Amino acid sequence: MLSSTEFKSIIDVVTRFPTERSCHQYLASRRWADGVMTCPHEGCIGAQAYVFKDGIRYKCKCCKRLYTAKTGTMMEASKISTIKWFISIYMALHKKGISSIQLAKDISVTQKTAWFILHRLRAVFGNEIDVKLEGTIASDETFVGGKNKNRHHDKKVANSQGRAFIDKTPVLGLLQTEVRHYVEREHKIIPGRTVKEKIIDKHAYVKCWTINDTKTASIQPLVRTNVIPGSIVVSDEWFAYKGLNDVYQHEVVDHGRKQYVNDSGYTSNAMECGWKHLKLTIQATHHWVSRKHQDRYVQEFSFRYNYRHLGAQQQIEQAISNMNIR
Ligand SMILES: [Zn+2]
């Protein structure tokens, strides 16, 4: 683990990692946390290594090949110093992301290199452990990209799949709602007074995918493979959700009737708020995203959303642990 002091700025990140060696030692402590030096080379089951004097390179006692804490991760085979990777992670997660033009200036690399770094990082952000969702899940789709101003409700119009969205790409989002409870506690200043405090038992978690279209065949398999049966699925009245009530409690919020909370009190607002963030990021930072690369941006958005309750330091740790999932 890092020191208990939180990263509040890039200065803190740079101070914590003054040398390439300190970066490597940190990566090694995350990667081989149990002290077993599992060899990263394919086909080798070695679990012991010699350490070189530089504190960076290791030699597997089994296959005799060299490796470092970066071998087999997305940072391998690039001449970019590790501190530049760490700063890039910090920058990419900070606020609403960063463009390759800006990152290139900030870490003194070419724009091509900055683009390469951000591209790799997005793959890392998307490399999450496959969690199944349970509890209450809001499901919603949105259309990203293109030049037309987004009109959310147009997807409900039967013939809107033609011109209106010809340059837009649909995204499906499943958002597991935050689980919380309230406790009463003594007021910190006024004696005898109690206040209600919100305790979050489980943070909201989102999974998103770029999909070909918003038909049943594109939406339902994703819902069914990612949401545990018995959960509550909240959606609007879009036909592609019909039939989910076989294994789920399907709650419909009728947007066509301008309903935002249904009679049982369910809402899909949280996912819609999330879409606003996704679109703002793409518009403000990246201006335009090709269909081919869109899913990367969607995964970056999901990662940032899912770990927004963590401090910068824990977010970096989460990103680094994602690098090790192969
Ligand atoms: Zn080996």
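This one's a predicted model, so the numbers in the text were calculated from it and none came from an experiment. Just so you know, ligand 1 is whichever comes first in the structure, and atom 1 is the first atom listed for that ligand.
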Next item on the list: Say whether T82 and K70, considering side chains only, have a donor N or O and an acceptor N or O under 3.5 Å apart.
Entry: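 On atom types as modelled, these side chains qualify, holding a pair under 3.5 Å.
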Notebook entry, point to check: With a 6.0 Å cut-off on ring centres, are Y26 and F17 close enough?
Noted result: yes
Check: Quick check, are the ring centers of F301 and W209 under 6.0 angstrom apart?
Finding: no
Next item on the list: Ignoring hydrogens and angles, tell me if any N or O in the side chain of K198 forms a donor-acceptor pair with the backbone of V183 under 3.5 Å.
Entry: no
Notebook entry, point to check: Is the backbone of V298 close enough, under 3.5 Å, to the side chain of S302 for a donor and an acceptor to pair up by distance?
Noted result: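 Yes, because the side chain of S302 sits within donor-acceptor range (under 3.5 Å) of the backbone of V298.
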Item checked: Atoms named by residue and atom, protein N, O or S, within reach of the Zn ion (ligand 1) (under 2.8 Å) ->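 Near the Zn ion (ligand 1), the protein supplies C39 SG, C44 SG, C60 SG, C63 SG.
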Item checked: SB check K242 E237 (cutoff 4.0 Å) ->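 The answer is no: the pair does not qualify as a salt bridge.
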